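Notes to accompany the following structure.
Quick caveat, the model's predicted, so the values are computed rather than measured.
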Amino acid sequence: MFFKKKNDNNIDNNDKNVINIESVENNNNNNKKEKRKFKDSINKKYLKNGSYSSVMIVVFVAIIIVINMIVGNLPSKYTQLDISSEKLYTIGDETKAMLKDLDKDVTIYQIAQSGSEDETISNLLQRYADESDHIKVEQKDPVVNPKFVSEYTSDNLSSNSLIVVCGDRNKVVNYNNIYESTMDYNTYSYQTTGFDGEGQITSAIAYVTSENLPVLYTLEGHGEQELDSTIKEDIEKANMEIKSLNLLTEGSVPEDASCLLIDSPTTDISEDEKTALIDYLENGGKAMIFSDYTGEKMENFDAVLKNYGVSRVDGLVFEGDAQHYAAQMPYYLVPTVNSTDITSDVASSGYYILMPYAQGIQKSDDVRDTVNIESLLTTSDSAYSKTDLNSGSLEKEDGDVDGPFDLGVSITETVDDDKETHIIYYSTSNLLQSQINQMVSGGNEKLVMTSLSSLVDTEDSTTVSIPSKSLEVSYLTLTAYDASFWKICTIGLIPGAFLLIGFMIWLKRRKA
């Protein structure tokens, strides 16, 4: 019994062990299932997150591609900033206005080998294409297309020259005319001094799209001033043909004259010439007139002016207001630029006008009601005309004529339903001189060309002359008042302020 009972106990223990093993195995299986479920859930989570990330990457890449496509189609003026100091490939308002009115297709070919394009010129051309749908820009490689240039010119063109084409008309813009250079006699080498890209391209577009080009006649035979080279280049760039006119031999102003330029005669015109000029003007003629003080009587010349209600004041104008003269010389006049149709661009741009040795212009009350006289440039109320130039004094004296005076006027008269006489008169030819123009950073040049354009522009032709952009140091124009103010500031106020601050610091430290 004893052994049997023991065996029974062993059996029971074995059964318990078997049960324990089975329960352990069941627990292990359950744990494995739980782990498998956990892993499966984690894998599903990773797969879900991975799919979401992949979708987001695809969406992000698609958005970037779409943005790049949109930006790629935007005009270069929005995507390429012109950070050059002179805004070399930014086009101005005059060019934009011309391109806005453009109704003919124009193609501009840039002649350059691939990889050697001038970036400034290329960027500038793209601005033209962005501004008008009628402008198309193409590059022509002379190596790939060796006969292309010969279709338009027999000249050897420099690399990056341009050919502007509209229908049967074309104009070549040589690279050497786009970049201006002068000889530096210190190094005996040429230095680039200006960039005339906009001026040359705009001129070429105006040339190929204009049906009739204006002709400018310059009166000669009376000691007239010779046109300054800069102004002459501007006139030619505006696509005006310049011809000389001798009224003694011609007898009258030619019918093809778009405008007559009278540039400060030093001797009087004849009676017949006076009659010819008045006949031309009274028939709807256009004229730009300059005069200088000569001390000589010029009765016939003055009669032409008097016929349109203006006359020259005896002597030279001096300014009594320091804000209206420059270079410490009261006869270097800085007039007020009145806002008119002719001078609005000059006035709004803040340009100064400098007029040395000018005479006063006086309006007459005894003139036809059909004549309209508009003041363009005026002196201050403190101006006076000095009649005795040998007195040796710059101050106002007895006999001097009180101001204010006009220094530039625009005169119009309607003579027929389709004709209008237009005269622009300035009382000194120094307005045309390059050295004077540089002192006001191109203000005189802009005024003269704007005035001339207003005389010759018609529905069939538009004259636009954009000055070149200087790459040299710009001049700072100061009136006598400004010069005195800054002299007081730099010599007196600023050093005095530092001395006062130093004294206050010294006094504070001493008390401490």
Side-chain angles (χ1 to χ4, degrees), residues 224-225 260-266 268-269 274 277-278 281 286-321 324-325 330-343 346-347 353-368 371-387 389 396 400-413 421-432 436 443-444 447-448 450-452 454-455:
E224 287 86 356
Q225 297 287 335
L260 177 64
L261 175 64
I262 304 176
D263 190 2
S264 300
T266 56
D268 199 11
I269 60 177
K274 179 197 75 172
L277 289 176
I278 293 177
L281 293 172
K286 319 291 182 183
M288 176 174 278
I289 302 175
F290 295 88
S291 68
D292 283 326
Y293 176 80
T294 62
E296 301 290 333
K297 287 187 177 181
M298 301 179 65
E299 295 179 356
N300 290 322
F301 176 79
D302 289 334
V304 175
L305 298 177
K306 185 178 180 181
N307 189 58
Y308 288 94
V310 293
S311 60
R312 299 184 297 158
V313 178
D314 188 27
L316 289 178
V317 176
F318 282 63
E319 262 293 354
D321 186 345
H324 284 82
Y325 66 86
Y331 45 87
Y332 267 57
L333 310 178
V334 181
T336 299
V337 181
N338 300 314
S339 184
T340 67
D341 291 340
I342 297 173
T343 59
V346 178
I353 302 300
L354 185 59
M355 301 183 70
Y357 306 104
Q359 288 185 278
I361 301 174
Q362 200 167 43
K363 299 175 185 176
S364 173
D365 296 329
D366 184 19
V367 67
R368 301 177 298 282
V371 174
N372 178 53
I373 305 173
E374 188 174 33
S375 299
L376 303 179
L377 306 174
T378 55
T379 67
S380 73
D381 293 340
S382 302
Y384 53 95
S385 183
K386 182 168 282 296
T387 56
L389 299 179
K396 184 180 177 183
D400 293 341
V401 183
D402 292 330
F405 306 105
D406 287 322
L407 302 179
V409 294
S410 172
I411 307 169
T412 56
E413 182 180 21
T421 300
H422 193 183
I423 303 169
I424 295 179
Y425 171 42
Y426 294 111
S427 59
T428 175
S429 66
N430 288 298
L431 196 66
L432 301 170
I436 303 300
N444 288 6
L447 175 65
V448 170
T450 302
S451 301
L452 195 54
S454 70
L455 293 171

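Side-chain atoms of Asn307 and Leu305, non-hydrogen and from C-beta on, never get closer than 4.5 Å to each other.
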(message) Could you go through Ser385 and Gln359, starting from their C-alpha distance and side-chain angles, then the distance that decides it, and tell me whether this counts as side-chain hydrogen bond (donor to acceptor under 3.5 Å, both in side chains)?
(response) CA-CA 8 Å; Ser385 183; Gln359 288 185 278; over 6 Å; no
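Salt-bridge check for Asp268 with Lys297: failed, with every basic side-chain N at 4.0 Å or more from each acidic carboxylate O.
Judged purely by distance below 3.5 Å, without hydrogens or angles, the side chains of Ser264 and Asp292 pair a donor atom with an acceptor atom. Using modelled atom types, one finds no donor on one side chain facing an acceptor on the other under 3.5 Å when comparing Ser364 with Asp366. If you check the side chains of Ser375 and Asp406, you find a donor sitting under 3.5 Å from an acceptor.
Annotation: ring pair (Phe, Tyr, Trp, His ring centres under 6.0 Å) contacts of Tyr426 (sequence neighbours excluded): Phe290. Taking the salt bridge (charged side-chain N to carboxylate O under 4.0 Å, His left out) definition, one finds that Lys306 meets it with nothing, sequence neighbours left out. Partners of Glu224 by side chain to side chain donor-acceptor pair (under 3.5 Å), not counting sequence neighbours, listed by chain and number: His222.
Ring centers of Tyr332 and Tyr325: at least 6.0 Å apart, outside the cut-off. Between Tyr293 and Tyr357, the gap from one ring centroid to the other reaches at least 6.0 Å.
The cationic atom of Arg312 (NZ for Lys, CZ for Arg) does not lie both less than 6.0 Å from the six-membered ring centre of Phe301 and within 45° of the ring axis.
When each of Ile361, Ile424, Val346 is checked for a side chain to side chain contact (heavy atoms under 4.5 Å, CB included) with Leu376, only Ile424 meets the rule.
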